[in-house]
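Computed from heavy atoms alone, side chains included, the values below leave out hydrogens, waters and symmetry copies. Because the structure is a prediction, the values reported are computed rather than measured. Every chain is numbered from 1, with letters handed out A, B, ... down the list of sequences.
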2 protein chains.
Amino acid sequence: MSDPIRRSTKQRAAIYDVVQQLPNFHSAQDIHAELTQRGSRVGLSTVYRALSAMANDGDVDTLLRDDGETLYRQCADSAHHHHLVCRQCGATIEVDGPTVEIWTQHIAAQHDFDDVSHTLEIFGRCPQCRAG
Amino acid sequence: MSDPIRRSTKQRAAIYDVVQQLPNFHSAQDIHAELTQRGSRVGLSTVYRALSAMANDGDVDTLLRDDGETLYRQCADSAHHHHLVCRQCGATIEVDGPTVEIWTQHIAAQHDFDDVSHTLEIFGRCPQCRAG
DNA sequence: AACGATATTGACAATCGTTTTCATTTAGGA
DNA sequence: TCCTAAATGAAAACGATTGTCAATATCGTT
């Protein structure tokens, strides 16, 4: 539980910048490619390490895709929230569900579980993609 | 969309039996190991193929773990439902959430999304594990 | 019961995302 | 500046899953 010491490096700054600038969710490899594109030669391992550290610190938002790949995105507010994601174009809307939070707590309590967390993602097709 | 033709084989039967008999969620590799244990020499590829086919047909229930590994379990009722899973021992309770269903529909409609689905899992620590 | 088309199997290689290793570099306090 | 531990990166290791393809088994037909 002790705060891990973290030094600020050019690489981490570059990675952070890219994540902030990219819309929607992207894989570590995407981000690495974008970095390379921009001329920042950062190792892939470093990208993975930095992203998971940021996710750990709550500085970026993560989403586990159906095939198990982890996607990262800038985090508007670090509060707990969920996502409505377009299956086709990946557009993401952050949603907030007090109802669901209460419901999960209730279910857990009902079965005498503690230390409760949950994952919830909504997938669908956005109006743009339906029109297109 | 045409129904794939499916022949019944000893291997598939054996795999199905194991899944039916094992409690909670297990990985394809777990199931393969159990099969080997019992003397059924079934190829690992076959286990993977059979399980994803069964999942596709709605004959077994799947869960995507945090690290991306897919877990399978016998499916009590094929109706839509969610899970309350013990992080420690893996004990699983099937839960049903009309509230959540309605809420996700509502959120999707609000943002004009259609063809909506969602994933929801609750993780926690069960009373047994807390006591132990 | 034998036939034949094709679905299925299984050993193995290949893939792909991610993690580890470890020697080298770098940040940042003393 | 010096020093120590954190950070980096190239490459290898890893682990789950999928592809390959020749051999085999299923099942409707003869």
Side-chain angles (χ1 to χ4, degrees), chain A residues 1-19 22 24-57 59-73 90, chain B residues 1-19 22 24-57 59-73 90:
Chain A
M1 275 293 122
S2 55
D3 294 347
I5 300 159
R6 225 148 249 167
R7 293 177 181 172
S8 64
T9 66
K10 299 162 188 288
Q11 289 89 338
R12 266 214 254 278
I15 293 165
Y16 189 75
D17 282 354
V18 167
V19 176
L22 288 180
N24 303 332
F25 283 93
H26 297 275
S27 69
Q29 316 228 25
D30 281 352
I31 291 164
H32 177 251
E34 178 64 24
L35 239 9
T36 305
Q37 189 88 32
R38 298 188 183 189
S40 286
R41 308 217 287 87
V42 180
L44 183 55
S45 327
T46 302
V47 174
Y48 273 104
R49 277 186 288 239
L51 286 173
S52 51
M54 289 176 197
N56 233 327
D57 294 353
D59 295 331
V60 301
D61 209 1
T62 65
L63 175 62
L64 189 59
R65 214 170 47 186
D66 296 37
D67 68 353
E69 192 169 5
T70 305
L71 305 181
Y72 300 88
R73 199 186 68 152
Chain B
M1 275 296 121
S2 55
D3 294 347
I5 299 162
R6 221 148 253 168
R7 293 178 180 170
S8 63
T9 65
K10 299 160 188 287
Q11 289 90 337
R12 267 214 254 278
I15 293 165
Y16 189 75
D17 282 353
V18 167
V19 176
L22 288 179
N24 303 332
F25 283 93
H26 297 274
S27 68
Q29 316 230 22
D30 281 352
I31 291 164
H32 177 251
E34 178 63 23
L35 239 9
T36 305
Q37 188 87 32
R38 297 189 183 189
S40 286
R41 310 218 283 86
V42 180
L44 182 56
S45 322
T46 302
V47 175
Y48 273 104
R49 276 186 291 238
L51 287 174
S52 52
M54 290 177 197
N56 232 328
D57 294 353
D59 295 330
V60 301
D61 209 2
T62 66
L63 175 62
L64 189 59
R65 215 171 45 188
D66 296 38
D67 67 353
E69 192 170 5
T70 304
L71 305 181
Y72 300 88
R73 199 186 67 151

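Between the CG atom of B:Leu44 and the P atom of D:dG19 there is a distance of 14 Å, given to the nearest Å. Between A:His32 atom NE2 and C:dT18 atom P there is a gap of 13 Å when expressed in whole angstrom units. Between A:Asp30 atom CG and C:dC16 atom P there is a gap of 14 Å when expressed in whole angstrom units. Put simply, CG on B:Leu35 is 13 Å from C1' on C:dT9, counting in whole angstrom units. For B:Asp67 and D:dC14, the CG to C1' distance is 13 Å, given to the nearest whole Å. At whole-Å resolution of the value, CG in B:Asp66 and P in C:dT18 are 14 Å apart. The nearest whole Å value for the distance from the CG atom in B:Leu64 to the P atom in C:dG17 is 15 Å. To the nearest angstrom, P of C:dG17 lies 15 Å from CG of A:Leu51.
Across all strands shown, B:Thr46 has heavy atoms under 4.0 Å from base atoms, whether or not it also approaches the sugar-phosphate. No contact: B:Ser52 has no heavy atom under 4.0 Å from any strand. In this structure, B:Ser8 reaches the sugar-phosphate backbone alone: every heavy-atom distance under 4.0 Å involves primed, P, OP1 or OP2 atoms, never a base. As judged by a 4.0 angstrom heavy-atom cut-off over every strand, A:Ser45 is placed among the base-contacting residues.
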Produce the list of close N/O pairs, under 3.5 Å, pairing protein atoms with atoms of nucleotides 3-7 of chain C; give distances to one decimal.
unit_1, atom_1, unit_2, atom_2, d
C:dT6, O2, B:Arg7, NH1, 2.8
C:dT6, O2, B:Arg7, NH2, 3.1
C:dA7, O4', B:Arg7, NE, 3.3
C:dA7, O4', B:Arg7, NH1, 3.2
C:dA7, O4', B:Arg7, NH2, 3.4

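Using a 4.5 Å heavy-atom cutoff, the side chains of A:Leu51 and A:Val19 are in contact. Under the 4.5 Å side-chain criterion, counting only non-hydrogen atoms from C-beta, B:Asp57 is in contact with B:Arg6. A heavy-atom distance below 4.5 Å is not found between the side chains of B:His26 and B:Tyr72.
The distance from atom CZ of A:Arg49 to atom CD of A:Gln11, rounded to the nearest 0.5 Å, is 10.0 Å.
What you find for A:Arg38 and A:Val18 is that their closest heavy atoms are NH1-CG2, 3.7 Å. The heavy-atom pair separating B:Ile15 from B:Ala50 by the smallest distance is CD1-CB, 3.6 Å. Nearest approach of A:Arg65 to A:Leu71, heavy atoms of both residues: CD-CD1, 4.0 Å.
Put simply, B:Gln11 has a side-chain N or O that comes within less than 4.0 Å of OP1 or OP2 on C:dG10. Between A:Tyr48 and C:dT19 there is no side-chain N or O to OP1 or OP2 distance below 4.0 Å.
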(request) Let me see the working for A:Tyr48 and A:Gln29 under side-chain hydrogen bond (donor to acceptor under 3.5 Å, both in side chains), right down to the final yes or no. (result) CA-CA 8 Å; A:Tyr48 273 104; A:Gln29 316 228 25; 3.2 Å; yes
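Between C:dG10, D:dG9, C:dT18, one nucleotide has an atom nearer to the side chain of A:Val42 than all others, and that is D:dG9. Closest to the side chain of B:Thr70, from the set D:dA10, D:dT17, C:dA27, is D:dT17. Checked against D:dA10, C:dT18, D:dT17, the side chain of B:Glu69 finds its nearest nucleotide in D:dT17.
For C:dG10, its base sits under 3.5 Å from the side chain of B:Arg49 at one donor and acceptor pair at least.
Between A:Thr9 and B:Ala28, the residue whose closest nucleotide on DNA chain D is further toward the 5' end is A:Thr9.
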